[in-house]
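Computed from a predicted model, the values in this text were never measured in an experiment. In listed order, ligands and their atoms are each counted from 1.
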Amino acid sequence: MRPRPFDKTTARGHILLAGGIHLLLDRAGSLAPRVDGSRDDSSPATDDNWGDGGCRDMAVAHQGGTETRLREAVAERLGEARFGLWFGEGVQLGVSGDALEVGVPNAFFREWIQGHFASNLIEAAEAVTGRPLRLTFRVFDEAEPKVGGVIEPGPPDERRQPTVTIPMSPAPRPPASPPERPRNQSRPPRRLDDFVTGPCNRLAHAAAVEMVQSSGSAFNPLVVHAGVGLGKTHLLEGIGRALRARHPGLRLIQATAEVFTNSFLDAMRTGTLASFRSRYRGAEALILDDVHFLAAKRATQDEFLHTFNALIADGAPIVLAADQHPKRIARLTDELATRFLGGMVVKLDTPDLATRRAILKAKAAARGVDVPEAILDYIAEHLRASVRELEGALHSLIAHALLTGKRIDMALARTALRDTIRHTAQAVALRDVERIVCQLFEVEPDALKSVSRARALTYPRMLAMYLIRKHTGAAYSEIGRHFGGRNHSTVISAEKKVLGWLRDEQRTSLLPGFETIADVLAALERMLGV
Ligand code: ADP
Ligand code: MG
């Protein structure tokens, strides 16, 4: 990578967040929150600070002083141990209009926090802001951020607060927050070293390591694509962290596509396009998360194409993440999609059973908690959709042990995970199959439900029907209904057909790399973790 002179325009900048809150980037590169109504439009925007769930979380995640004071006020009311458990990594607090918004990793957290700490939260928010606020939740593991569970402020209801004594033994100790974590950042970036590998993600991890080592000279860009909660942001953060460690002072821009879009629109509006361009096109490395956000935004895509071309011409490494293969991102210009394909495109698949287990083991060890093997197996066998889901389950198990003072054993695991597992086992199973079939064949779920009888759709549709029948116990009629209101006899004949192919060891040219239908089914079942 060619070193460039230090550019003064990037040494200082700000991000404008909701509610007139600015994050200032000082010369030393550290972020300091400033809360006021003023705006200095002459400084270019900077995006070097980003949150896990992408830009949509940033307003919540980085309201600097407000979040810090909210956290302190909530911690005061709950005690450090309980606060550390439920409001640690992955849970964010922020004020948005007349609402206290709590960002949570999954529905389990939402329910628990709402059920146990609603009045504490409302009270803390009022103490910090001086006005009564509603309580709203934002669940990060859902494709679209969902704001729900609104609770009106009211007198604190003491009966809802269980008295909890945190036992010192034999329950596991509460997770300690990493000491190096800056106060205005919800957590430090993740590391490539902490990324557990298996067949589902080994290639992507190796490509990430290679990208760091070669700084883009081996291939450029690197595009990582996968569904939610499978580790895209983790890999990108790891690459960013490793690049910085390898090249101290590197002018690296690490942001989400939403931040890029907003900065661009802002620059157009305020007549600061020149500094926006010099900032992005003058970067020495660019890591952009969630690029599917650019879909259908024509002007931003054009701008990004120029940024992309300038960086590639300069040999600056580019790393992108998306929820789909670039060719499948609807309404991404062909030109941009083709440019994305110019380097290395790697996919993260849903982890198989062994990898899910290894991930759980690593996460438990990282938290200093000894979880019996049989319980790791239990969680790994039941939760298959994403790594984020696995993390949520482990977290709730540890929380249950801590709150009830019980040992982590099978009975506790069953109780702690009952709801999560019931949900996933019922509703998700069918959708799980659908999702992995769509992933492997790179088709849209809607297309599977359509009336189309194109070969590219009938095969995956039949295989999905067969697998759902085999693994979920769903009724023929239910499966038919799910796939666009088809008759139960369609499902029966799909099943017969697939069984026939298996019996005849039917060869196939459906997907490159697979010789027989049995191979395709085996791959799908591996992805499903069955
Ligand atoms: P995505 O960006 O694909 O939605 P994330 O990168 O946010 O997913 O991952 C969700 C959670 O799962 C994060 O806490 C991340 O650290 C964890 N995770 C994902 N894959 C792995 C892995 N292979 N090893 C360890 N942790 C992982
Ligand atoms: Mg992500």
Practice prompt. May I ask you to check whether Phe260 and Phe293 place their ring centers less than 6.0 Å from one another?
Written response: no

Item to complete: Give the atoms of ligand 1, by number and element, whose distance to some non-hydrogen atom of Asp194 is under 4.0 Å.
Response: 24 (N), 25 (C)

Fill in: Sub-4.0 Å heavy-atom approach of Gly229 to ligand 1
yes

Discussion item. With respect to Leu230, determine whether any N or O atom, backbone or side chain, lies less than 3.5 Å from an N or O atom of ligand 1.
Written reply: yes

Item to complete: Could you tell me whether Asp409 and Arg407 have a side-chain N and a carboxylate O separated by less than 4.0 Å?
Response: no

Worksheet item: Mind checking whether Glu237 has a heavy atom under 4.0 Å from ligand 1?
Response: no

Discussion item. Which of the numbered atoms in ligand 1 are under 4.0 angstrom from any heavy atom belonging to Gly227?
Written reply: 3 (O)

Worksheet item: Considering distance alone, does some N or O of Phe195 sit under 3.5 Å from an N or O of ligand 1?
Response: no

Discussion item. Check this for me, if you would: do Lys297 and Glu258 make a salt bridge, where the nitrogen-to-carboxylate-oxygen distance has to be below 4.0 angstrom?
Written reply: no

Worksheet item: Considering distance alone, does some N or O of Ile359 sit under 3.5 Å from an N or O of ligand 1?
Response: no

Worksheet item: Does any N/O atom on Val228 come nearer than 3.5 Å to any N/O atom on ligand 1?
Response: no

Worksheet entry | Between CZ on residue Arg339 and CG on residue Leu305, distance to nearest 0.5 Å | 7.0 Å

Worksheet entry | Charged tip of Arg414 within 45° of Tyr378 ring normal and under 6.0 Å | yes

Practice prompt. Check whether the side chains of Asp290 and Thr256 place a donor and an acceptor atom closer than 3.5 Å, and report yes or no.
Written response: no

Discussion item. Can you tell me which portion of His205 lies within the under-4.0 Å heavy-atom range of ligand 1? Options are side chain, backbone, both, or neither.
Written reply: neither

Item to complete: Check each heavy atom of Asp289 against ligand 1 and say whether those closer than 4.0 Å belong to the side chain, the backbone, both or neither.
Response: neither

Response to the item:
The atoms of ligand 1 lying under 4.0 Å from a heavy atom of Lys363, numbered in the order shown, are 16 (O), 17 (C), 25 (C), 26 (N), 27 (C)

Worksheet item: Can a salt bridge be assigned to the pair Glu444 and Arg328 using a cut-off of 4.0 Å between side-chain N and carboxylate O?
Response: no

Discussion item. Regarding Arg71 and Glu67, does a basic nitrogen lie under 4.0 Å from an acidic carboxylate oxygen?
Written reply: yes

Worksheet item: Atoms of ligand 1 less than 4.0 Å from Val196 heavy atoms?
Response: 22 (C), 23 (N), 24 (N), 25 (C)

Worksheet entry | Worked check of side-chain contact (heavy atoms from CB on, under 4.5 Å) between Arg356 and Leu383 | CA-CA 9 Å; Arg356 293 201 298 276; Leu383 298 177; 6.0 Å; no

Practice prompt. Please confirm whether Thr197 comes within less than 3.5 Å of ligand 1 when only nitrogen or oxygen atoms on both sides are compared.
Written response: no

Discussion item. Using a 4.0 Å cut-off to any heavy atom of Asn201, which atoms of ligand 1 qualify?
Written reply: 23 (N)

